[in-house]
Amino acid sequence: MSEIETYRAQARAWLESVAPKYSRAARGKLNLSVEEDLALGRQYMAEKYDAGYAGINWKTEIGGQGLSNMHKIAFDAEEMQFGMPNAYFGISLGMPIPILIHYGQDRAWVKERVIKALRGEEIWCQLFSEPSGGSDLAALRTKAEPDGNGWRMTGQKVWTSWAQYCDYGVIVVRTDPTVEKHKGLTYFWVDMKAEGVEVRPIKLAGGDSHVNEVFFDAVRLEDSQRMGEVGGGFGVALHTLMIERYIATDSAGFGPHLDLFVDQARDLSINGKPAIKDGRIRSAIARNHAMRAGLDSITKRAFAMMQAGMQPGPEGSLQKLVAVRSRQKLSELALDLQGNQAFDFDPHAYVKEDWGTSWLNAPTGRIAGGSDEVLLNTIAEKVLGLPQDHRPDKGVPFNAIPA
């Protein structure tokens, strides 16, 4: 047994030991509110830290375990199967905290924030998207103007996950509107409890409200909160988005497993015969099986590259693009098979076990973390080598671009 396999077995044994309290199956019997589930999540994160499974691939001097990326992948793959209450902390530990580790100026303060985040005591959000910017991050309009030895920030962000529960956030704002849009941005961390910060949850189609609008009304920022150079915010933002988060991927697009569709096709009928005998259904099963096998192969190749000390390439964009699109189509087909029964929607159902929940939440998955259009551009330019799209605003000062 290899070192990684031994580590995976140890991790699974620990996860099994805490599953009776923290797993999705255990929590599902309690009918918890979001706040109660979050409180349980904080307890889980603290136990996870104490057991040595937090910050697995981060350096020990900042609170991590000092192990490899493959150790983290092995743990994440096992943890995902139990449905632990860790969704509230995914973005916090996935991007803001690694960026803080890299750019934070006060190293003692940074280490304190890292450990508190790993233990679930503090949560960070990422404040990038804006109402008028779409997928164009550099089109943002939230501004920060010099104010003594600091800055004064005003503007709005949107689709900020878990902001209503966050203590801090990372944000990119415009500090110079007289230069090209990519060059006038600066990156800061912000106290989400500061005066002038207002968070308004947004209710999604699936019924949950984990995303928010966030308003900033003349919020004071100290220059010590700046991460990177003045005007260098776009580069730090790209660093944030390109951080190797080394998460366990899912060729099902984090929707139901294909086996659940096969089971349903056996139980339901088309024209008086089992749906599984219908050629169209069998074709859909075959296409999805082949697609998911292909995505799993891409993932295995990426893991093999990491084990060899290499960096995975941009072909990873195919994973999210294809997986979530196919999840949406398969979920729609599953609902069609159910007929009128599909209208019996359970707002509390788990997205990986319920076709209605999967279908309703799939469009959000196609936008969050990189929209289909952004991923298609990445594949076109980085995988296929096609030229960039025409940019009429290239070389134009931001304040000269028509609003």
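As a basis for the values below, the full set of heavy atoms in this structure was taken, side chains included, without hydrogen atoms, waters or symmetry mates.
- Classified by interplanar angle (parallel below 30°, tilted 30° to 60°, perpendicular above 60°), the ring pair Y168/W189 is perpendicular.
- Between E122 and R113 a salt bridge is recorded (basic side-chain N to carboxylate O distance below 4.0 Å).
- Annotation: R391, atom CZ; neighbour count of heavy atoms from other residues, nucleotides and ligands within 6.0 Å is above 12.
- By the 6.0 Å contact criterion, CD on E61 is enclosed, its count of non-hydrogen atoms from other residues, nucleotides or ligands being greater than 12.
- For P96 against C125, the heavy-atom pair with the smallest separation is CG-O, 3.7 Å.
- Within 6.0 Å of CH2 in W359 there are 12 or fewer heavy atoms belonging to other residues, nucleotides or ligands.
- When every heavy atom of A139 is checked against every heavy atom of R174, the shortest pair comes out as C-NH2, 4.1 Å.
- By the neighbour-count criterion of 12 heavy atoms within 6.0 Å, atom CD of E229 is sparsely surrounded, having that number or fewer from other residues, nucleotides or ligands.
- Formation of a donor-acceptor pair under 3.5 Å by the K320 side chain with backbone atoms of G365 is found in this model.
- For F216 and W151, the ring centers are positioned 6.0 Å apart or more.
- The environment of CH2 in W58 is crowded: more than 12 heavy-atom neighbours from other residues, nucleotides or ligands sit within 6.0 Å.
- Using modelled atom types and a 3.5 Å distance limit, the side chains of R287 and S283 yield a donor-acceptor pair.
- No more than 12 heavy atoms of other residues, nucleotides or ligands sit less than 6.0 Å from atom CD of Q341.
- No hydrogens or angles considered: nothing links the side chains of Y53 and Q65 as a donor-acceptor pair under 3.5 Å.
- R327 and S358 form a side-chain donor-acceptor contact under 3.5 Å, judged by distance and modelled atom types alone.
- Taking a cutoff of 4.0 Å between a charged side-chain nitrogen and a carboxylate oxygen, D191 and K193 do not qualify as a salt bridge.
- Between the side chain of K203 and the main chain of S209, no donor-acceptor pair closer than 3.5 Å is present.
- Within 6.0 Å of the CZ atom in R282, the count of heavy atoms belonging to other residues, nucleotides or ligands does not exceed 12.
- Salt bridge absent: K116 and D167 never bring a charged side-chain N and a carboxylate O closer than 4.0 Å.
- Taking a 6.0 Å sphere around CG of N31, one finds it holds 12 or fewer heavy atoms contributed by other residues, nucleotides or ligands.
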